Visitor: 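The structure follows.
Note that ligands are numbered from 1 as they come in the structure, with each ligand's atoms numbered from 1 the same way. Fair warning: this is a prediction, and the values are worked out from it, not measured in the lab. Along the sequence shown, residues are numbered consecutively beginning with 1.
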Amino acid sequence: MLQCASSPLPPPLTVKPRLVRNYLLPFLLLLLTLGFGYGGYLISEGAGTRTLIETGERQLELHARGVESEISRYTYLPSLLELEGSVSRLLVDPTPLHRDRVNHYLEGLNRRAGSRAVYLLDTSGRVLATSNWQDADSYLGEDLSFRAYFQEAVNGRPGRFYGIGSTTGEPGYYLAHGLVHGGKIVGVAVVKVRMESLEERWEKARLQAFVSDENGIIILSSDPTLRLKAVRPLSDQDKERLARSLQYYWWALNEWQPLSRHPLGDGVEEISFPPGEHAGSHKPLSYLMQTRQLSDTPWNFTLLTPLADLRREALMHGVLAAVGFALFAFLLIAWNERRKVIATRLAAREALEQANNALERRIAERTADLRASNQHLREQIRERRQAEDTLRKAQDRLVQASKLAVIGQMSTSIAHELNQPLAALRTLSSNSVRFLERGKLDVASSNLEAIAEMVDRMGRITASLRAFARRADDHGQATLSKAVDAAVMVLQGRLSEVPVALHRDYPDAQLAIDQTRLEQILVNLIANALDAMGPQLDRQLWLEGRSEGDGHYRLVVRDNGPGIPQDARQHLFEPFFTTKPGELGLGLGLTLSASLATAAGGSLSVAYPEAGGTAFELHLPLLPAMETPA
Ligand code: ADP
């Protein structure tokens, strides 16, 4: 009937093992954050470096051209002297007068050109005239034949030379030109130029730059500490050669000591210097170094661009990338968690809905089952009611039949009972007539009283017949002793035929039952006992009564008869059950007696004493006011 709905179980809310997530995720995130940070740093640094290189190239070009123009400004100056007649004269004829004239000329020329000094050498390298002829450290008369610029110029090549003056100890750029007179070189004109203005210009432009000469020696530098340092390694021979040339006077030529150098492209390097070389720096200083060769000279112009700002910026970008990634990761994790929560909620809701559906299905099934069984029950109830009605009707008919039967039996019994009083009445009445005739009025009077009493009893017997037929609830009252007396009197005829030892052992009591009905019950019980004991010689009948504690009275009618056979015991109170032959028994006596007792609120039951015989126990309610103690 009730079927267990085999609904599929809701999908289990699986929880994935989170070990990986729990333990590795933070490390992974940290690594990724660091990776992103480093990547951001590298990208920013790369891009920044490229921009710096481009900007640097433009700067390099610009300032290299500045240097070139500064140098080329004076290239023509030594050759100018060739045009000056006094110079040729002096070279041909070096008299004091000619010298003096040329000195003046050179002094004026030097002043106008803004150079450091202009002077004239003869072919042996001796200074014939000079613009600084009046100064204490004048070159006049000095032998400068060892100077490379002289050697170049005297051989007809332009002499270009950066060096430190042997007289003044002052650095300068020397330009020399071989003066031709009459087809041959008769002397050498030299111009010394100071180029510090370039350095000042770089400084003003906050530019870090230097110029290195053909020997790799830094001759001009915005940073004074780099001056006269060698940008490439110098061999001992080189050092010795340079020392001998006195090109750098007596300066000790040291190589610079960069911490590291990484070539980044053609003419581009990354270079870093140890801290301390620059005031206030405690960290190594890194530069982007771009070098370009200057035209017309074997010199190189180098631009240094500090990478500190770029690095700082790249670091900031790296940090930003790391923070950005961390934020993104955080948002991703938060989003993922939220997605999982929603998924779990949805799964739970789905499971709930499924459970709900299954429940509703089961409820519907059960309701249907219940409705069916309810219908079934209703039908059964209807059937039972019908059966009950049928039974009640049968019972009613039965009761009616039994009443009629009792009436029949009682009428026989009454007729029988009435015969004796009627006979006695006839005797008494005829005796009374005789006593009246004899004038014995007192005897006649007592006879008449006995007659009246007998007539009353006979009336009551007929009344009981009526009472049976009415069969109403009993609300009457009876005196036990009177009822016993009446019953004995009714059965007087039988008792005289079948003598019985009657033992009365009961306290009198007022019982809540109609007097005649109580008499009728007693008549039935005593008559049955008489019937049972009929064949035997010793007949004992006990009437034993006692008040119960619960407001009832118990009267036991016991005989020493043969008792009731086992198979008959369960049928005793059934209507029409009798063991008596012929018309002697109707099987209604006990049934009616029990029904009379029940109608009065009491009961009738049977017991089988061990000593033998039969005992009927009549329970009847006591009249409340007249309760008699036991
Ligand atoms: P009836 O007397 O007409 O047979 P009852 O209902 O009065 O009907 O009695 C039913 C039967 O119970 C009797 O036939 C008898 O067998 C048995 N019975 C009743 N009283 C006694 C008794 N005191 N001793 C033995 N049997 C009894």
Side-chain angles (χ1 to χ4, degrees), residues 395 398-417 461 464-465 467-468 471 483-484 487-488 490-491 493-495 497-506 516-545 554-599 602-619:
Q395 255 178 356
L398 192 64
V399 167
Q400 203 57 33
S402 67
K403 278 180 186 171
L404 292 173
V406 167
I407 287 167
Q409 189 205 21
M410 282 184 73
S411 55
T412 317
S413 170
I414 287 164
H416 175 72
E417 294 302 325
I461 288 168
S464 76
L465 186 67
F468 270 118
R471 201 34 236 297
V484 173
V488 171
V490 168
L491 293 167
R494 302 262 335 258
L495 283 169
E497 286 168 15
V498 184
V500 168
L502 184 61
H503 309 280
R504 295 176 188 231
D505 178 16
Y506 55 85
T516 313
R517 289 188 181 190
L518 179 58
E519 287 172 16
Q520 201 58 43
I521 293 170
L522 291 173
V523 165
N524 274 319
L525 295 178
I526 295 168
N528 275 345
L530 292 181
D531 288 341
M533 290 186 297
Q536 64 195 54
L537 289 175
D538 174 29
R539 302 181 196 97
Q540 307 279 343
L541 186 65
W542 292 269
L543 294 175
E544 296 159 332
R554 187 168 74 129
L555 181 71
V556 179
V557 180
R558 182 162 64 91
D559 61 58
N560 68 339
I564 298 167
Q566 196 71 34
D567 55 343
R569 288 181 179 179
Q570 55 183 332
H571 304 296
L572 282 186
F573 292 95
E574 289 175 5
F576 307 111
F577 176 76
T578 180
T579 58
K580 293 169 190 172
E583 292 182 352
L584 286 177
L586 277 174
L588 287 170
L590 287 178
T591 311
L592 288 170
S593 296
S595 109
L596 289 173
T598 307
S603 66
L604 179 66
S605 58
V606 65
Y608 310 99
E610 283 180 13
T614 310
F616 282 92
E617 295 183 5
L618 179 65
H619 282 259

Visitor: Taking the non-hydrogen atoms of Phe573, is any one of them nearer than 4.0 angstrom to ligand 1?
Guide: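 Distance cut 4.0 Å: Phe573 fails for ligand 1.
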
Visitor: Which of the listed options, Asp559, Thr614, Leu530, holds the heavy atom that is closest to atom 23 (N) of ligand 1?
Guide: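 Heavy atom nearest to atom 23 (N) of ligand 1 belongs to Asp559.
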
Visitor: Numbering the atoms of ligand 1 from 1, which are under 4.0 Å from a heavy atom of Phe577?
Guide: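 Per the distance check, 10 (C).
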
Visitor: Hey, looking at atom 14 (O) of ligand 1, which of Asn560, Leu541, Thr579, Val557 has the closest heavy atom?
Guide: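 Checking each option, the heavy atom nearest atom 14 (O) of ligand 1 is found in Thr579.
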
Visitor: Can an N or O of Phe616 be found at a distance shorter than 3.5 Å from an N or O of ligand 1?
Guide: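 Between Phe616 and ligand 1, no N or O pair is found under 3.5 Å apart.
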
Visitor: Looking at Ala532, which atoms of ligand 1 are within less than 4.0 Å of one of its heavy atoms?
Guide: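 Matching atoms, with element in brackets: 22 (C), 24 (N), 25 (C).
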
Visitor: Tell me, please: is Gly563 in heavy-atom contact with ligand 1, that is, under 4.0 Å?
Guide: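 Gly563 counts as a contact of ligand 1 under the 4.0 Å cut-off.
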
Visitor: Distance under 4.0 Å to a non-hydrogen atom of Ala529: what atoms of ligand 1 satisfy this?
Guide: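 Under 4.0 Å from Ala529, ligand 1 has these atoms: 23 (N).
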
Visitor: Identify the heavy atoms of Ile526 and Ala487 that sit nearest to each other, and give their distance.
Guide: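 Closest approach of Ile526 to Ala487, heavy atoms only: CD1-CB, 4.3 Å.
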
Visitor: Kindly write out the residues that satisfy side-chain hydrogen bond (donor to acceptor under 3.5 Å, both in side chains) with Arg569, not counting sequence neighbours, or none if the list is empty.
Guide: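 With neighbours one apart ignored, the set is Gln566.
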
Visitor: Indicate yes or no for a side-chain donor-acceptor contact from Asp559 to the backbone of Leu530 under 3.5 Å, with no hydrogens or angles considered.
Guide: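 Not a single qualifying donor-acceptor pair exists.
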
Visitor: Leu572 and side-chain contact (heavy atoms from CB on, under 4.5 Å): which single residue from Val606, Thr614, Thr579 fits?
Guide: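 It is Val606; the other options fail the test.
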
Visitor: Using a strict threshold of under 4.0 Å (side-chain N to carboxylate O), is an ion pair present between Asp531 and Arg494?
Guide: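 Salt bridge present between Arg494 and Asp531.
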
Visitor: Determine whether any heavy atom of Gly561 lies closer than 4.0 Å to an atom of ligand 1.
Guide: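 No.
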
Visitor: Heavy-atom distance to atom 1 (P) of ligand 1: which of Met533, Arg569, His571, Lys580 wins?
Guide: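 When every heavy atom of Met533, Arg569, His571, Lys580 is considered, Lys580 comes closest to atom 1 (P) of ligand 1.
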
Visitor: If we only consider heavy atoms of Ile564, is any one of them less than 4.0 Å away from an atom in ligand 1?
Guide: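 It does, in that a heavy atom of Ile564 comes within the 4.0 Å cut-off of ligand 1.
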
Visitor: Within the 3.5 Å criterion, strictly below it, is a donor on Gln540 or Asp538 matched to an acceptor on the partner's side chain?
Guide: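 The criterion, which ignores hydrogens and geometry beyond distance, is satisfied for Asp538 and Gln540.
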
Visitor: So between Asn528, Asn524, Leu572, whose heavy atom ends up nearest atom 17 (C) of ligand 1?
Guide: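 Closest candidate by heavy-atom distance is Leu572.
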
Visitor: Quick one: sort the Phe616 and Phe573 rings into parallel, tilted or perpendicular, breaks at 30° and 60°.
Guide: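 Aromatic pair Phe616/Phe573 classed perpendicular.
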
Visitor: Within the distance-only criterion (no hydrogens, no angle test), does the side chain of Arg539 pair as donor or acceptor with the backbone N or O of Met533 below 3.5 angstrom?
Guide: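 Flag set: sc Arg539 to bb Met533 pair under 3.5 Å.
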
Visitor: If you measure every N/O of Thr578 against every N/O of ligand 1, is any gap under 3.5 Å?
Guide: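 Looking only at distances, the answer is yes, because the N/O contact criterion of under 3.5 Å is met.
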
Visitor: Below 4.0 angstrom from a heavy atom of Gly589, which ligand 1 atoms are there? Numbered from 1 as shown, please.
Guide: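 Selected atoms, number and element: 5 (P), 6 (O), 7 (O), 8 (O).
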
Visitor: Considering all heavy atoms of both residues, which atom of Leu604 and which atom of Ser593 are nearest to each other, and what is their separation?
Guide: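 Minimum heavy-atom separation between Leu604 and Ser593: CD2-CB, 3.7 Å.
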
